[in-house]
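Predicted, not measured: the structure shown is a model, and the values here were computed from it.
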Amino acid sequence: MKDNLTLIIAIVVVAFLLIVGVIFFLRNDKRKRIKKKLEELEIEKNKLDSSPIVPELAKVESFLKNPKLEVMYKEWTERLQNIKDNQIPKLTDMILETEYSLSQKNYKSTVYKLAKLEMEIYKVRTNSDFLLGEIKELTSSEERSREVITDFKKKFRMLHQKFQQTKSEFGPMTNVVQKQFKVISKRFEDYETIMDNNEYTEINEIVLIINDLLKHMEIVVEEVPSIVLLAYNAIPKRITEVQEIYNWMVKAGYPLGYLNVEYNIEEAEKKIGDIIVRTKSLNLEESLFELKVLLDYFESLFTDFESEKVARASYEDNNAAFRNKLGKISSVVEDIFTQLDDIKNIYHLSEEDIEILKQLHIDLLEVSNDYKVLIDHTMNNTSFAYTKLLKELEELSLRLAKIEDKLDNSLDAIGSMRDDEVRARQQLDEIKVILKESKLKMREYNLPYIPQSYYVELKEAMGAIREIVRELEKKPITISVLNTRVDTARDLVLKLYTKTKELLKVATFAETALVYGNRYRSSYDGLSNKLNLSEQLFLKGEYQKSLELTINLLNKIEPGIYEKLAYMYDLGK
């Protein structure tokens, strides 16, 4: 029992000694870490004492020649003095206080004072670095600005050389540009004067001014020749040409009022005058863009004029054919109605057949009245473009074609052999006219290549017409066969006519897109080769593929180009 008590006491004593040892070790380690941190902060304080502010300030003192610089020098000196006389001594006192607290083993107070000391050193170092930065900004400004000005002078010489080489392209603006070069040259002289007078506070301002002037001069040298070319030559020439063609077409009876040519010319001339005035003061903002827009507008007018000429020719041709067709159908319908009672008694027509004939008569009267209105517009035309009149005539043609189809159906029900024969001969003439129109259109457009399938359909249509002629020459005529021959020929010819229009429309659109795309050939890498491929497709007669390729190419440059071209050239979707 006694032995156990002795063992317990021994264990307690050992444990106590271990705890005391650990506490001593921890306190000693903490003291060492605090002392090391304090030594590091003292080194930081000593670095502040040896800051290179004084040498830099001495540089400033060597070129004190103006009041503004003297004020800055005085203010910097006072700030330096404050750091040396107040802030750094305060740091010394704080170090001493911290060391005393450490020597008294008052670790809590020591850590607190250490944190305050670190913060105060950071504040003094920041003040010192900021002051040094301000002084160096001035003392190093000469070296930095010299490098910049050297680059500016090189840029100035390049711009001036380019101007001298292309001076003839500047036209009336030559003197204005020369004066601007003299202004920039004077600014370089101002810079040298500032450097000679050691006015370093003015350096940044003059450097920024020269930089802005050179950037502006780059734009001037690049854009003024194009502005002069467009404003003094290209656009006025286009205006004169447009005015001459416009006056001639108006005298020839073309209704061009919808184009507002005279008003737009007047506004364009005002805009050109304004751009010239602004260019004389070298205010080039948006000038080149606005001139290009004007040039594009006047270029587009030539297309509008050509469209009107083509539309007028088509209108006059189609009008004659429509008038002839309307007369024939009206004559047939009138003959039927004068004999309607007899026909009804002889052929036992149903009420449904009679109602169909009456409705045909009403529809035909409406088409005739609408056609008279169209002719009145044509005779007294001052505002309706031929492109619009042509569309109106095409709509009337479609309505008349529908009436003709219904009339054919009615005639099948009531007509005699003679009536069918007459109708067949009339339709034969009309089919021949449509076929002729298809051929004329194809010759007129002179496509580089006509697909073989087109010739096949042309051959089928011509063969169908020959079948009608053979059927008419037979005696007796088999009406059912004749009607079949006429229907077949009409369908084939109309199909050919439709295919002709569609083929020409696609080819025209493809050609227009290619011509439009030529303006970008030199501006985009690889575009020229792809446009060449599109041209090859066009020349091979693959017009749809050519159109799709060209539109896809242009759409990357001008999104929505398909609708734009369709709208500009009235080509339709």
Side-chain angles (χ1 to χ4, degrees), residues 253-259 303-304 306-334 356-410 426-427 429-438 440-442 444-445 487 490-506 508-509 563 565-573:
Y254 285 90
L256 302 178
Y258 74 100
L259 293 174
T303 302
D304 293 333
E306 287 303 316
S307 296
E308 277 299 299
K309 292 177 184 178
V310 172
R312 181 173 179 172
S314 298
Y315 173 78
E316 290 173 351
D317 292 341
N318 293 348
N319 183 42
F322 180 85
R323 185 171 55 249
N324 183 49
K325 186 174 183 178
L326 179 62
K328 290 179 179 179
I329 294 176
S330 298
S331 177
V332 172
V333 172
E334 290 300 326
I356 291 174
L357 287 171
K358 289 180 179 179
Q359 188 60 47
L360 277 175
H361 189 247
I362 294 172
D363 292 344
L364 188 60
L365 286 175
E366 290 179 354
V367 170
S368 297
N369 291 334
D370 290 344
Y371 179 65
K372 289 178 183 178
V373 173
L374 179 64
I375 295 301
D376 289 340
H377 283 313
T378 305
M379 299 300 293
N380 304 306
N381 197 8
T382 57
S383 58
F384 290 99
Y386 273 104
T387 49
K388 183 175 182 180
L389 293 174
L390 181 60
K391 288 182 180 178
E392 294 288 339
L393 184 60
E394 288 175 349
E395 290 180 4
L396 287 176
S397 298
L398 289 174
R399 289 167 60 189
L400 187 60
K402 291 179 181 178
I403 292 173
E404 184 181 24
D405 289 341
K406 292 179 181 179
L407 179 61
D408 289 343
N409 292 333
S410 296
Q426 290 176 341
Q427 289 195 329
D429 292 338
E430 292 166 3
I431 291 170
K432 288 180 178 179
V433 169
I434 295 173
L435 182 63
K436 182 179 179 181
E437 287 181 4
S438 299
L440 289 174
K441 282 183 178 292
M442 192 60 72
E444 177 184 349
Y445 279 83
D487 291 340
R490 183 180 67 245
D491 291 343
L492 291 173
V493 171
L494 286 175
K495 179 182 177 183
L496 181 70
Y497 181 76
T498 301
K499 183 167 185 176
T500 301
K501 290 179 65 177
E502 185 62 28
L503 180 63
L504 294 177
K505 183 177 75 172
V506 173
T508 303
F509 205 164
E563 289 77 10
L565 291 177
Y567 176 78
M568 288 173 60
Y569 302 104
D570 196 23
L571 293 172
K573 294 184 177 181

In plain terms, say whether K432 and D429 are close enough for a salt bridge, that is, a side-chain N and a carboxylate O under 4.0 Å apart. no
Salt bridge present between K505 and E502 (N-O < 4.0 angstrom):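 Yes, K505 and E502 are salt-bridged.
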Taking all heavy atoms of T500 and all of K441, pick out the closest pair and write down the distance.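 Heavy atoms of T500 and K441 come nearest at CG2-CB, 4.1 Å.
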Using the test side chain to side chain contact (heavy atoms under 4.5 Å, CB included), find all partners of D491 that sit at least two apart in sequence or belong to another chain.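 In terms of side chain to side chain contact (heavy atoms under 4.5 Å, CB included), with neighbours along the sequence ignored, D491 is linked to no residue.
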With K309, which residues qualify under side chain to side chain contact (heavy atoms under 4.5 Å, CB included), at least two apart? W248, M249, Y254, E306
Give, for atom [atom1] of [X] and atom [atom2] of [Y], the distance between the pair rounded to the nearest 0.5 Å.
X	Y	atom1	atom2	answer
S314	E394	OG	CD	8.0 Å
L398	I403	CG	CD1	11.5 Å
E430	L494	CD	CG	10.0 Å
K436	I431	NZ	CD1	16.0 Å
L400	D363	CG	CG	10.5 Å

Can you name the salt bridge (Lys or Arg N to Asp or Glu O under 4.0 Å) partners of [X], sequence neighbours left out?
X	result
K499	E457
K328	none
D370	R399

Tell me if a side-chain donor or acceptor on N369 pairs with a main-chain N or O of L365 at a distance below 3.5 Å. yes
Do E437 and L440 come close enough that some side-chain heavy atom pair is under 4.5 Å?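 No - every pair of side-chain heavy atoms lies 4.5 Å or more apart.
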Side chains of H361 and L364: closer than 4.5 Å at any heavy-atom pair?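 H361 does not reach L364 side chain to side chain.
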Which residues pass the side-chain hydrogen bond (donor to acceptor under 3.5 Å, both in side chains) test with N318, sequence neighbours left out?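 With neighbours one apart ignored, the set is empty.
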Start with the C-alpha distance between R490 and D405, add both sets of side-chain angles, then the distance that settles side chain to side chain contact (heavy atoms under 4.5 Å, CB included), and finish with yes or no. CA-CA 11 Å; R490 183 180 67 245; D405 289 341; 4.2 Å; yes
Checking T498, V433, I434 against V493 for side chain to side chain contact (heavy atoms under 4.5 Å, CB included), the one that qualifies is I434
